[in-house]
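Numbering starts at 1 and runs along the sequence shown.
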Amino acid sequence: MALAGLCVVAIMLVVVCDAAGRYLFNSPLQWSFDVVSNFLMVGAAYLAVAGTFQRGDHININLLHSKLPRRWQVAVDIACSVLAVALFAAVAYGTAQHAVQAYRDKEFFPGVIMWPVWLSYLAIPIGTALLVLRLLHHCVTLLRHGDDPFVSNEGEGVVE
């Protein structure tokens with residue numbers, strides 16, 4: 001979450017410097033859009049997914065879940081987590097392969113500065129791999145204790 005937060009702060013700083021350069025000195029930062037859209041936004045989104053899951057901030061539809069007995073809720077949580085592990089492990093693996101291939105092929109984004117493409121892809125397998133580890137920990141904790149005190153459920157049952 002700290003790295004994702006740093007990406008957001010960096011986005012803010014780059015955009016402020018670009019706007020100041022553009023409107024005060026008629027000299028915008030030529031590279032700002034590339035850095036923000038290809039690197040910092042990707043990092044801010046994907047490096048935060050595991051922490052977002054832990055805080056219970058993902059979209060969660062629990063219309064039926066909240067009506068189930070506690071045992072069934074735990075079983076559904078484990079099943080959903082196992083499915084999510086499979087999905088996000090595939091995403092992590094596929095995007096890591098894509099990043100490696102971009103590195104091998106020496107791919108670059110066209111522009112004023114030739115940024116390497118693989119760096120843009122790197123945050124995706126890292127973020128999803130961290131989510132896989134978090135989900136695996138969640139599954140094991142639910143299996144052993146029937147509850148995971150490390151994952152927030154504060155939003156459960158809240159309807160807005």
K.L.:
Are the aromatic ring centres of Phe108 and Trp115 under 6.0 angstrom apart?
P.N.:
no
K.L.:
Do we see a donor-acceptor contact under 3.5 Å between the side chains of Asp148 and His137?
P.N.:
no
K.L.:
Measure the shortest side-chain to side-chain distance between Leu143 and Ile78 over non-hydrogen atoms and say whether it is less than 4.5 angstrom.
P.N.:
yes
K.L.:
Side chains of Leu130 and Val49, heavy atoms from C-beta outward: is any pair under 4.5 Å?
P.N.:
no
K.L.:
Would you say the ring centroid of Phe150 lies under 6.0 angstrom from that of His138?
P.N.:
no
K.L.:
Do Asp77 and Gln73 meet the criterion of a side-chain donor-acceptor pair at a distance under 3.5 Å?
P.N.:
no
K.L.:
So does Tyr46 have more than 12 non-hydrogen atoms from other groups sitting under 6.0 Å from OH?
P.N.:
no
K.L.:
Would you say that more than 12 heavy atoms from the other residues, nucleotides or ligands in this model lie under 6.0 Å from the CZ of Phe33, or not?
P.N.:
no
K.L.:
What distance do Leu122 atom CG and Thr95 atom OG1 have between them, rounded to the nearest 0.5 Å?
P.N.:
9.0 Å
K.L.:
Nearest 0.5 angstrom please: Leu13 CG to Leu6 CG, how far?
P.N.:
10.0 Å
K.L.:
Does the side chain of Val100 come within less than 4.5 Å of Trp118's, by heavy atoms?
P.N.:
no
K.L.:
Side-chain contact test, heavy atoms from C-beta onward, threshold under 4.5 Å: evaluate it for Val42 versus Cys7 and give yes or no.
P.N.:
no
K.L.:
Taking atom CG of Asn26 as the centre, does the number of heavy atoms from other residues, nucleotides or ligands within less than 6.0 Å exceed 12?
P.N.:
no
K.L.:
Hey, what do you get for CZ (Arg144) to SG (Cys139), rounding to the nearest 0.5 Å?
P.N.:
13.5 Å
K.L.:
Under a 3.5 Å cutoff, is there a donor and acceptor pairing between the side chains of Ser32 and Asp18?
P.N.:
yes
